[in-house]
2 protein chains.
Amino acid sequence: MSSRSTAERLRDGGERVTRQRLDVWEALERIGRQVSAQDLYDELRRRHPRIGRATVYRTLEALVAVGVARRFELDGHVSAYVACRPQHHHHLACHRCGRVEEIDEGYVAPVAARVAADRGFRIDDARLDFYGTCARCAAG
Amino acid sequence: MSSRSTAERLRDGGERVTRQRLDVWEALERIGRQVSAQDLYDELRRRHPRIGRATVYRTLEALVAVGVARRFELDGHVSAYVACRPQHHHHLACHRCGRVEEIDEGYVAPVAARVAADRGFRIDDARLDFYGTCARCAAG
DNA sequence: TCCCATAACGAGACTGAGTATCAGATAGGG
DNA sequence: CCCTATCTGATACTCAGTCTCGTTATGGGA
């Protein structure tokens with residue numbers, strides 16, 4: 001989860017490791033919740049005034065491509081990004097506080113297997129998202 | 001699945017039933033696969049040259065709201081729509097032919113229950129999407 | 001059946017997310 | 001250290017989606 005492992009991931013994916021990409025990753029991880037590309041850009045400019053808008057967008061795509069970030073769909077049709085475990089596809093999103101937790105692959109795999117068997121589908125990818133209220137928000 | 005049941009759904013949801021809304025629904029159902037709002041608009045204008053762009057967008061939202069259509073996220077960040085069973089949230093999408101099949105709620109409910117119990121989450125909504133190759137495309 | 005308040009419509013302007021372009025900078029292999 | 005392919009940043013551009021506003025039509029009530 002450190003910037004070191006992100007650098008490795010980029011290299012393994014045939015992507016270059018640049019100062020800007022690490023900055024984008026660092027900001028995404030520090031925020032720790034879903035954030036739109038535009039908001040992340042605004043945040044980044046506070047610390048790195050010369051960073052380019054397109055760079056942020058391109059970098060987010062690159063981070064998604066190598067599996068350290070994930071694109072998410074917000075209500076509005078806007079996409080948001082979250083730093084996450086490589087390859088992770090399943091989320092538990094609180095629409096009160098915006099926090100996104102991950103759900104283990106283990107919950108989904110058996111369902112995928114059953115669906116594949118029942119429908120003759122060859123499944124390459126799966127997404128499972130739950131929306132609701134997290135324990136903390138429900139309490140407070 | 002007829003336009004009659006869509007009319008009822010709109011009425012039940014406190015939405016008015018208009019010629020345009022039924023036209024949009026009819027086109028969406030006829031196409032029978034995921035389609036972007038813009039493409040649906042282009043298609044609709046062939047038969048109904050006076051229909052407005054905003055009307056199509058607004059109507060798609062209304063159809064989603066009353067549960068006879070579903071918004072979908074395509075690769076590009078563009079959203080697409082599919083006619084579907086009311087309240088339906090789970091799909092099996094073939095990225096070869098674009099066809100979208102539905103998955104029964106029954107596959108997901110037990111997983112939702114387990115996740116809710118394990119994490120203390122109050123789940124309001126769930127989405128499960130599988131991507132892959134359908135039986136027909138895999139054969140041909 | 002007619003009325004009319006209110007919701008929906010159509011046209012077109014507007015917003016803003018995301019992309020393309022291109023000259024200059026830089027990572028990283030040799 | 002060099003060289004080149006890739007990345008960056010500035011800016012212009014595209015186009016999905018929204019808003020506005022004058023007009024039209026739905027549908028509940030008299």
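Chain identifiers are assigned alphabetically (A, B, ...) following the order of the sequence lines, protein sequences preceding nucleic acid strands; residue numbering begins at 1 within each chain.
Between the base of D/dG17 and the side chain of B/Arg53 there is a donor-acceptor pair shorter than 3.5 Å. Evaluation of atom-type donor-acceptor distances gives a pair under 3.5 Å for the side chain of A/Arg58 against the base of D/dG9.
A sub-4.0 Å separation between OP1 or OP2 of D/dG17 and a side-chain N or O of B/Ser79 is present.
Remark: C1' of D/dG9 and CG of A/Asp23 are 14 Å apart, rounded to the nearest angstrom. Protein atom CD of A/Glu61 is 19 Å distant from nucleotide atom P of D/dT6, rounded to whole Å. Atom pair B/Tyr57:OH and D/dT20:P shows a separation of 18 Å (rounding to whole Å applied). Taking atom CG of A/Leu10 as the reference point, atom C1' of D/dC7 lies 12 Å away to the nearest angstrom. In this structure, the CG atom of B/Leu60 is 15 Å from the C1' atom of C/dC9, given to the nearest Å.
At the heavy-atom level, A/Thr18 lies under 4.0 Å from the strands shown only through sugar-phosphate atoms. Residue A/Arg21 is classed as a sugar-phosphate contact, given heavy-atom separations below 4.0 Å to backbone atoms only.
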Output, in order, the C-alpha distance, side-chain angles, deciding distance and verdict of side-chain contact (heavy atoms from CB on, under 4.5 Å) for A/Gln38 and A/Arg53.
CA-CA 8 Å; A/Gln38 182 63 48; A/Arg53 179 181 156 75; 2.6 Å; yes
Chi angles and distances behind the side-chain contact (heavy atoms from CB on, under 4.5 Å) call for A/Ser36, A/Tyr81
CA-CA 6 Å; A/Ser36 71; A/Tyr81 295 82; over 6 Å; no
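For A/Arg9 (side chain) and A/Val66 (main-chain N/O), a donor-acceptor pair under 3.5 Å exists by modelled atom type. Although no hydrogens or angles enter the test, the distance criterion places a donor-acceptor pair under 3.5 Å between the side chain of A/His90 and the main chain of A/Leu128.
Residue B/Gln20 places its side chain closer to C/dC9 than to any other of C/dC9, D/dT8, D/dT11. Looking at the side chain of A/Glu15, the nearest of the listed nucleotides D/dC19, D/dT8, D/dC7 is D/dC7. The nucleotide whose nearest atom lies closest to any side-chain atom of A/Gln38 is, among D/dC7, D/dA10, C/dA17, C/dA17. Of the candidate nucleotides C/dG28, D/dA16, D/dG9, D/dG9 has the atom lying nearest to any side-chain atom of A/Thr55. Of the candidate nucleotides C/dG28, D/dC7, C/dA8, C/dA8 has the atom lying nearest to any side-chain atom of B/Arg16.
In this structure, B/Ile51 CD1 and B/Arg46 CZ are separated by 13.5 Å, a value rounded to the nearest 0.5 Å.
Residue B/Ala54 is the one, among B/Arg19 and B/Ala54, whose nearest nucleotide of DNA chain D lies closer to the 5' end (criterion: closest heavy atom).
The closest side-chain heavy-atom distance from B/Tyr131 to B/Asp129 is below 4.5 Å.
Within residues 40-52 of chain A, no residue places a heavy atom under 4.0 Å from DNA chain C.
In summary, B/Glu61 and B/Arg71 engage in a salt bridge, as defined by a charged side-chain N under 4.0 Å from a carboxylate O.
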